[in-house]
There are 2 protein chains.
Amino acid sequence: MSDKNRLVKSKLLRELYFEEGLTCADLALKVQKSFPLTAKLIEELVSENQVVETGLAPSTGGRRPLTYALQKGEMYLVSVAMDQFVTKIAIMDMQNNFVGPVQKVVLPLPNNPKALSILIEKIKEAIDNSGIEVKKLVGVGIGMPGFVDVKKGVNYSHLHLGNKSITRHISEKIGLQVFIDNDSSLIALAERRFGAARNETNAMVINIGWGVGLGLILNGELFRGHEGFAGEFSHIPLFLNGKLCSCGKMGCLETETSLLLILEKAKAGLEAGRLSMLTSINFDDLEVACDLLIQAVHSGDQFAVELFSKAGYNIGKGLAVLIHLLNPKSIILSGRGSCAGQIWLAPIQQALNEHCIPRLYQSTHMDISTLGLDAELIGAAALVMENFEKSQPALTAQSMGFNVAVN
Amino acid sequence: MSDKNRLVKSKLLRELYFEEGLTCADLALKVQKSFPLTAKLIEELVSENQVVETGLAPSTGGRRPLTYALQKGEMYLVSVAMDQFVTKIAIMDMQNNFVGPVQKVVLPLPNNPKALSILIEKIKEAIDNSGIEVKKLVGVGIGMPGFVDVKKGVNYSHLHLGNKSITRHISEKIGLQVFIDNDSSLIALAERRFGAARNETNAMVINIGWGVGLGLILNGELFRGHEGFAGEFSHIPLFLNGKLCSCGKMGCLETETSLLLILEKAKAGLEAGRLSMLTSINFDDLEVACDLLIQAVHSGDQFAVELFSKAGYNIGKGLAVLIHLLNPKSIILSGRGSCAGQIWLAPIQQALNEHCIPRLYQSTHMDISTLGLDAELIGAAALVMENFEKSQPALTAQSMGFNVAVN
DNA sequence: TCAGACTTTTTTAATTTTTTAATAAGTTTC
DNA sequence: GAAACTTATTAAAAAATTAAAAAAGTCTGA
């Protein structure tokens, strides 16, 4: 049955995307097939020019096994990372390299009925400019803030389209498979697959950005919850500070920690005459201002360090809740704010010391992202590949057979 | 390969334990095997007298399928539910009925080096008294409070035995497979399999007891976290009340809500002269006092209602955190406190209204346990059956073959 | 009320896949 | 340098899945 083998082949390609240099035995384990079958299918993929041999792995005491990787120049991904104001579009290859420059578009999301059509236009443009044949593009992955229902392909916060799925809509316009997810979830996916949470089964990935997002890796997989809204870390009611949050409630975590809050405090402090190397900073462009502030931290500017420390302590208070509830093995600080680096660790640890049962936090390891600002784009690409086998043509539910349909 | 079929047969028996009256098609789906194979194995189980036909299921428009159930009198379970002071031991059949009376033993856990040997003695006694042949006993399931590492079989809070696994220790003494888990996890397991969370894929089960426990059902399975400590709901830092908690920290959820706290407040209130139908209550026996208090709630006693309402509101504040983080489909109130019934719902809903983003709590359904005080015993039994296929003899890792070993 | 069309389950037969086994080739260790 | 070990390849045997046919029961419409 050729269709069924096609499915296994897709799985093989997917595994090789997530990890290069696997041996036939590794692949057989990962796709849960026998060695002879796996070997046969890999051989076919090699002769189809989808996969190449990459030499021999080190011996473990016997004959050295052949390793495999994806053929270069055969498959590409379209990756889109949106925030409230700016959207980044990239074409990526199977080795997580950007093909051509990453395109930045100023595209405000809130109450912007034109946003969707502009987005589609810009994606088309990016594809055209790349000069890559459409048939070599596997699909489009999009990360965006808001309440995203992955299955329905809907974002309840932005890009409304009545009840229609925006993934289907974009897909129809562009002619490629389209997948969306929440920005923090995609950052977590990127860290899980290629970053600081690689191969972790139990990790909390914190997205320190204009708010504070959370992507949950539970049992090795991205956890999304009943409707896909899991990870609303920003709005857990943790403080009795009477500060009004953007969500309408009071005392949310976000009212005591976020890059936006740090910037506000920096502005207020400087206006009140705080001494700092930042005096001439311009707060109109948030991204630039944030980068400068992080630079100041690295240079040891006392005011900047103080601001980040306070924010860190409050993130730590939130993490104490997470640790109690989910007993994670590791916590990864990612997103834009993670560029500030080690500065976060001490104040967070301080908060854990104060607010956590020792047995719980002692076995939890904290780490800082290695992916930094690219995390969301990489995650959007990974999202497409996570769904790769489903997106392959010629695979109807029936042709996939009894067992597969169960999933 | 007979060993491999033995594994599938174990899975079939397990599925029939969790749900009676399944058809062959149902079972084939659940064990992920083809219909012909499943049919063959069921036939074998019937002729081995392990399974019986239970008639025909209602038609869905065609031939009515045969249904199956476990043969009665062939398999039994030993189920143990411990709390800080009292331990309950029961023998259960495959239909969740108690065989003989549930044995209650006063067995204080904290700093009690004799607790383990007494426990073993009492379990032996219960088995002997039941008059059931040992070979018909599938295993022993034990629920207890504290930090339980399910995999290692260790409880870091009670019943210390150096570094040795207490499950293995008990197993050696009794000659049966033994499994342990945290009490709240087992209550969640019971609700997931037989109670208000039946077949839910995403549920939070709250154990309202002397503390406030939590069992997480995520993706249809009990979630335990990295070391098995997930669900420490009682000690999330949620209040700025300056009250010292038993864990050494301040402001834990437990300092503002729990049956113990309600009892304390009731005592203090009555001593201060609050009018109530409870005036003659004796607070020395916690269980009795708690039952009386719950009775008072059902009778509409204003003071009792007030106490439970306040506690409910604070549970609701904790639930708001859970809903933000995990976006559950349903929340089940279980454990001893759930006997108070509907009284909890209004104050909890009130707290959600105040502390939750509407989109999140609107799709979350709240429910009250139907299992009540038996939940932990049923959960302990279910724990044994969850592990049934692993606990079958004649199944070495090698005989299970390549694919199975992957898991 | 009773054919006959239609569903669904069960059984049987054919196909495919996985296992198993045997052999060859390359590494490491003693 | 031989023995032990691991991977790769091939072929034959065993087992499971899939597909097709038969059986059993429901439902519809005269």
Side-chain angles (χ1 to χ4, degrees), chain A residues 1-12 21-47 51-68 394-407, chain B residues 1-12 21-47 51 53-68 395-407:
Chain A
M1 182 127 299
S2 176
D3 267 0
K4 213 171 153 188
N5 283 350
R6 196 67 246 170
L7 179 72
V8 179
K9 280 189 193 174
S10 295
K11 285 186 182 173
L12 289 171
L22 293 171
T23 69
C24 185
D26 294 336
L27 287 164
L29 270 171
K30 283 185 189 281
V31 302
Q32 301 259 64
K33 293 286 158 186
S34 66
F35 192 101
L37 180 64
T38 310
K40 189 187 96 184
L41 295 178
I42 291 175
E43 202 41 58
E44 283 179 33
L45 285 169
V46 169
S47 65
V51 167
V52 286
E53 292 180 5
T54 51
L56 300 167
S59 166
T60 53
R63 177 171 173 176
R64 294 171 62 191
L66 278 167
T67 60
Y68 298 90
L395 279 176
T396 64
Q398 279 173 332
S399 75
M400 286 161 76
F402 173 79
N403 277 328
V404 178
V406 176
N407 304 324
Chain B
M1 181 127 299
S2 177
D3 266 359
K4 215 171 154 189
N5 282 351
R6 194 68 246 167
L7 178 72
V8 180
K9 279 189 193 176
S10 295
K11 285 186 183 174
L12 290 171
L22 292 169
T23 69
C24 185
D26 294 335
L27 286 164
L29 271 172
K30 286 187 189 279
V31 302
Q32 302 258 64
K33 293 286 157 186
S34 67
F35 192 101
L37 179 64
T38 310
K40 189 186 96 184
L41 296 177
I42 291 174
E43 202 41 57
E44 284 179 30
L45 285 170
V46 169
S47 63
V51 167
E53 292 179 5
T54 51
L56 300 165
S59 166
T60 53
R63 177 170 174 174
R64 294 171 63 191
L66 278 167
T67 60
Y68 299 90
L395 279 175
T396 65
Q398 280 173 332
S399 75
M400 285 160 76
F402 174 80
N403 276 330
V404 179
V406 176
N407 304 324

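Numbered from 1 within each chain, the chains take letters A, B, ... in sequence-line order.
- Across C:dT11, C:dT17, D:dT17, the shortest atom-to-atom separation from the side chain of B:Leu37 is found for D:dT17.
- The distance from atom CD1 of B:Ile42 to atom C1' of C:dT11 is 15 Å, rounded to the nearest whole Å.
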Base, backbone or nothing for each nucleotide of nucleotides 25-30 of chain C, written B, S, -, heavy atoms under 4.0 angstrom, 5' to 3'? BBBS--
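- Atom pair B:Glu53:CD and C:dT9:P shows a separation of 15 Å (rounding to whole Å applied).
- Where B:Leu66 and A:Lys40 each meet DNA chain C at their nearest nucleotide, the meeting point lying more 5' is that of B:Leu66.
- Closest heavy-atom contact between B:Cys24 and B:Thr38: O-CG2, 4.0 Å.
- The separation between A:Asp26 atom CG and D:dT6 atom P is 15 Å, rounded to whole Å.
- For the helix from C:dT1-D:dA30 to C:dC30-D:dG1, the angle separating the two terminal helix axes comes to 30°, with each axis derived from five pairs and the value rounded to 10°.
- Computed from coordinates, the A:Gln32 CD to C:dT17 P distance equals 17 Å when rounded to whole Å.
- For C:dT18, one of the phosphate oxygens OP1 or OP2 lies less than 4.0 angstrom from a side-chain nitrogen or oxygen of A:Lys33.
- Of the candidate nucleotides C:dT9, D:dT7, C:dT20, C:dT9 has the atom nearest to the side chain of B:Pro65.
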Start with the C-alpha gap between B:Asn5 and B:Lys40, add the side-chain angles, then the distance that decides, and say whether side chain to side chain contact (heavy atoms under 4.5 Å, CB included) holds. CA-CA 10 Å; B:Asn5 282 351; B:Lys40 189 186 96 184; 4.0 Å; yes
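- Between the CD atom of B:Glu43 and the C1' atom of C:dT10 there is a distance of 12 Å, given to the nearest Å.
- Nucleotide D:dT17 holds its P atom 13 Å from the CG atom of B:Leu29, rounded to whole Å.
- Neither OP1 nor OP2 of D:dA15 sits under 4.0 Å from any side-chain N or O of B:Asn5.
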Stepwise, does the side chain to side chain contact (heavy atoms under 4.5 Å, CB included) test hold for B:Val46 with B:Tyr68? CA-CA 9 Å; B:Val46 169; B:Tyr68 299 90; 4.2 Å; yes
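- The two atoms that bring A:Arg64 and A:Leu56 nearest to each other are NH2-O, 3.3 Å, heavy atoms only.
- When each of C:dT19, D:dA8, D:dT18 is scored by its nearest atom to the side-chain atoms of B:Ser34, the top-ranked nucleotide is D:dT18.
- The distance from the CD atom of B:Glu44 to the CG atom of B:Leu12 is 10.5 Å, given to the nearest 0.5 Å.
- Atoms CG (B:Leu27) and C1' (C:dT10) sit 15 Å apart, rounded to a whole Å.
- Here D:dA15 presents its C1' atom at 19 Å from CZ of B:Phe35, a figure rounded to the nearest Å.
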Before you tell me yes or no, could you show the steps for A:Leu37 and A:Leu41 under side chain to side chain contact (heavy atoms under 4.5 Å, CB included), namely the whole-Å CA-CA distance, both residues' side-chain angles and the distance that decides it to 0.1 Å? CA-CA 6 Å; A:Leu37 180 64; A:Leu41 295 178; 4.2 Å; yes
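- Checked against salt bridge (Lys or Arg N to Asp or Glu O under 4.0 Å), A:Glu53 has no partners two or more places apart in sequence or in another chain.
- Rounded to the nearest 0.5 angstrom, A:Ile42 CD1 and A:Leu45 CG are separated by 7.5 Å.
- Using a 3.5 Å distance cut-off with no hydrogens or angles, the side chains of B:Thr67 and B:Thr54 do pair a donor with an acceptor.
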